[in-house]
Amino acid sequence: EAALVESGGGSVQAGGTLRLSCVISGYFLPGYSSYCLGWVRQAPGSEREGVAIIAHDDTTTYADSVKGRFSISQDSAKNTLYLQMSNLKQEDDWMYYCAARFLEEGPCDSEDVLEKIALFNAWGQGTQVTVAS
C-alpha cells in the first residue's frame, strides 16, 4: 500500500554534498512501529546494492563503502526519509532508490535488510546522482 517518491539527485563535483529526500504515503509513520526505511543504489548493468537502512527506533546500518560519508535520517512527523551525502566520489555515481519494509508486528532489523534488500516491499522510482571530477 505504500508509495515512495525520491528527490534531490543531481550532478555534483567530487568532494561535494547532496541530500536526497523520500516522501512516503500510505502509512503514517508516527503511528507505526514495525518498519525499516532505506536507500538502495544501482548502476546500469549491475545489481542493486543496499546503502543505508534506518528502523523505527532510529537504529541504522550502512554499507562499508559509505560509512563516515553518508547519513540516513527520518522525520516521522513529515513521513520523510533523508540521505545526507558528503565527500561524494565518482564511485557514488548511481541511481538511488528509497525503499520500505513494513511488518505486521515486531521490530525491523536494519542489519538484516541491508544484506537482503529483497526484504523491502515498497520501492520508489529512483533519483540519479552524478559525480564529476
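Shown here for Ser65 and Arg41, the closest heavy-atom pair between the two residues is OG-NH2, 3.3 Å. Taking each heavy atom of Ser73 and Leu81 in turn, the nearest pair found is O-CD1, 3.3 Å. Residues Glu6 and Gln125 come closest through the heavy atom pair OE1-N, 3.0 Å. Across all their heavy atoms, Ile117 and Trp123 have their closest contact at O-CZ2, 3.7 Å. Considering all non-hydrogen atoms of both residues, Val113 and Arg101 come closest at CG2-CD, 3.9 Å. Residues Ser133 and Ala14 come closest through the heavy atom pair CA-CB, 4.3 Å.
Between Leu37 atom CG and Cys22 atom SG the span is 7.5 Å, to the nearest 0.5 Å. Atom OH of Tyr96 and atom CG of Leu83 lie 7.5 Å apart (nearest 0.5 Å). Here the CZ atom belonging to Phe120 is positioned 12.5 Å from the OH atom belonging to Tyr35, to the nearest 0.5 angstrom. Between the CD atom of Gln42 and the CD atom of Glu47 there is a distance of 8.5 Å, given to the nearest 0.5 Å. A distance of 9.0 Å separates CG of Asn87 from CZ of Phe70, quoted to the nearest 0.5 Å. Annotation: the span from Ile54 atom CD1 to Cys36 atom SG amounts to 9.5 Å, rounded to 0.5 Å.
Among residues at least two apart or in separate chains, side-chain hydrogen bond (donor to acceptor under 3.5 Å, both in side chains) pairs with a member in residues 52-62 are Asp57-Thr59, Asp58-Gln74, Thr61-Ser110.
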task: For the pair Arg69 and Asp92, evaluate side chain to side chain contact (heavy atoms under 4.5 Å, CB included) and give the outcome as yes or no after the intermediate values.
output: CA-CA 11 Å; Arg69 300 188 299 118; Asp92 300 316; 2.7 Å; yes

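Residue Glu115 places its CD atom among 12 or fewer non-hydrogen atoms of other residues, nucleotides or ligands, all under 6.0 Å distant. Atom CD of Glu91 has more than 12 heavy atoms from other residues, nucleotides or ligands within 6.0 Å.
In this structure, Leu4 is not a member of the same hydrophobic cluster as Tyr82, with clusters built from ILVMFWY side-chain heavy atoms closer than 4.5 Å. Leu18 and Trp39 fall within the same hydrophobic cluster, defined by Ile, Leu, Val, Met, Phe, Trp and Tyr side-chain heavy atoms under 4.5 Å apart, directly or through other members. Cluster membership check: Val12 shares its hydrophobic cluster with Met85, using side-chain heavy-atom separations under 4.5 Å among Ile, Leu, Val, Met, Phe, Trp and Tyr. A continuous path of ILVMFWY side-chain contacts below 4.5 Å connects Leu20 to Trp94, so both sit in one hydrophobic cluster.
Counting heavy atoms from C-beta on, the side chains of Ile53 and Ile72 never come closer than 4.5 Å. Counting heavy atoms from C-beta on, the side chains of Lys78 and Val23 never come closer than 4.5 Å.
Between the side chain of Ser34 and the backbone N or O of Pro107, no donor-acceptor pair lies under 3.5 Å. Within the 3.5 Å criterion, the main-chain N or O of Ser25 finds no donor-acceptor partner in the side chain of Asn79. Judged by distance alone, the side chain of Asp93 and the main-chain N or O of Gln90 form no donor-acceptor pair under 3.5 Å.
Among residues two or more places apart in sequence or in another chain, the ring pair (Phe, Tyr, Trp, His ring centres under 6.0 Å) test is passed with Tyr32 by Tyr27, Phe102.
Between Lys67 and Asp64 there is a salt bridge, since a side-chain N of the basic residue sits under 4.0 Å from a carboxylate O of the acidic one.
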